[in-house]
Amino acid sequence: MSRVDRRTAPGIGTATTAGVVLGTATPAMAAPSSGRGLETPGRARADEVAAIYRRERTRAGGNWYAYLSVANGTDPTPLPAVREQPDTVVEAYSVNKIAVATAVLDKVDRGMLSLDQRVEVTEGIVVPGGDGIFSLDGAYPSLVTLGHVLAALLTVSDDTAARLCGLVCPAAELNQILVGKGFPRTQVEPVADPDRFYLGTSTARETHDLLQALVRGTLLSPGSTGFLLDQLRAPIAFTDGIRRTMSSAERARIATKAGWFADARHEAGLIFDPAGRPVLTYVLFADGQADPGNFGSTHPAVRARAAMGPAFLAAVDGLTSPGVPARRPTMYQPSNGG
């Protein structure tokens, strides 16, 4: 698979606010609904989510490729709130680490791998600089469990962890697993070494559907589902975007994964109700904003997501997802050693 050039591919980089599909029955420039009693709870909340998204993505500028849905009252099918270029193939960057982990955990579910098996971290496999913790060790080789690898991959977005996943699930096999699960456009990009890959591509719709399949229990076994969600909801998972301005208890209700490279700033995840049922699924791919060299919290797209987060949480307050398993997070308990 060749890399997608977002500057030349048809439809990429040309998003405008007027082209956003907000919900299914709401005009593109409609304000949040104030008549919840006249609408289904899900529809009213979807309108609110759409208005929040529109406001913040307009302030940030640039190009957005998004799919957001909310729980729909008594209907187990989530209700679309935002669909902006949802089928445009984009470089997903580290958001695709969820897909990488899915493929590895699929092999765990089939008995081909185990979370407690050891993986060797050699000096040659370490990605210098960048994101993660393995490059900070300074002492190689070392042995870590596959569970440790996946935890580093999904929380601190460790780049070396992606290479370690390739040792147990090479690129061709990884892509085949994802195709078999119904995600043909969520694919890593193979390189000359069959055990390595670029993180590849996806669409907002496919990433949304992968997250939905995860929480509904149709993607992986219950054990692997819980493991993956625990990493994405961990206190050390990404906090600069959707989770930035939240309490520790509120952050525990958010499962999220961010990705960034060049001028792209992405984030995708789920907001859960207090009982642990998903009530909002968001995929926010964005590029083309100002300040492309800024990978901190003041980048326009990251600021936009930080504003969206608490507003989304408030918009879906009181909603639940009927028929979806409740998965309570492990609450943060700081330690003083000992």
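The residues of the chain are indexed from 1 along the displayed sequence.
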Side chain proximity check, [X] to [Y], heavy atoms < 4.5 angstrom:
| X | Y | result |
| --- | --- | --- |
| Leu153 | Asp158 | no |
| Pro278 | Phe272 | yes |
| Pro310 | Glu250 | no |
| Arg83 | Tyr67 | yes |
| Thr122 | Tyr140 | no |

task: Taking atom CD of Gln117 as the centre, report whether more than 12 heavy atoms of other residues, nucleotides or ligands fall under 6.0 Å from it.
output: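 Correct, the count exceeds 12.
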Within a radius of less than 6.0 Å around CD of Glu120, do more than 12 heavy atoms belonging to other residues, nucleotides or ligands occur?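 Above 12, so yes.
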Open item on the list: I want to check a possible cation-pi pair here: Arg265 against Phe295, using under 6.0 Å from ring centre and within 45° of the ring axis as the test.
Closed with: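 Satisfied, under 6.0 Å and within 45°.
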Could you tell me if Arg251 sits above the aromatic ring of Tyr332, with its cationic atom closer than 6.0 Å to the ring centre and no more than 45 degrees from the axis?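 Verdict for Tyr332: no cation-pi partner in Arg251.
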(message) Check the orientation of Trp260 and Phe238. Use parallel for under 30°, tilted for 30 to 60°, and perpendicular for over 60°.
(response)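 Trp260 and Phe238: tilted rings.
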Distance-only donor-acceptor check, side chains Asp109 and Ser224, under 3.5 Å: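 Note: Asp109 and Ser224 side chains meet the donor-acceptor criterion.
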- Query: What's the shortest heavy-atom distance between Val126 and Thr160, and which atoms?
  - Reply: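 Residues Val126 and Thr160, closest heavy atoms: CA-OG1, 3.5 Å.
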inquiry  = Can you give me the closest heavy-atom contact between Val215 and Pro325, atom names plus distance?
reply    =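 Taking Val215 first and Pro325 second, the nearest heavy atoms are O-CD, 3.7 Å.
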Using the rule that two of Ile, Leu, Val, Met, Phe, Trp, Tyr join whenever any of their side-chain heavy atoms come within less than 4.5 Å, decide whether Leu228 and Ile177 are in one cluster.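 In one cluster: no.
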Derivation and outcome, side chain to side chain contact (heavy atoms under 4.5 Å, CB included), residues Leu284 and Tyr53:
CA-CA 10 Å; Leu284 302 163; Tyr53 168 82; 3.7 Å; yes
**Asked** To the nearest 0.5 Å, how far apart are CD in Gln212 and OG1 in Thr77?
**Response**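 Rounded to the nearest 0.5 Å, the CD-OG1 separation comes to 9.0 Å.
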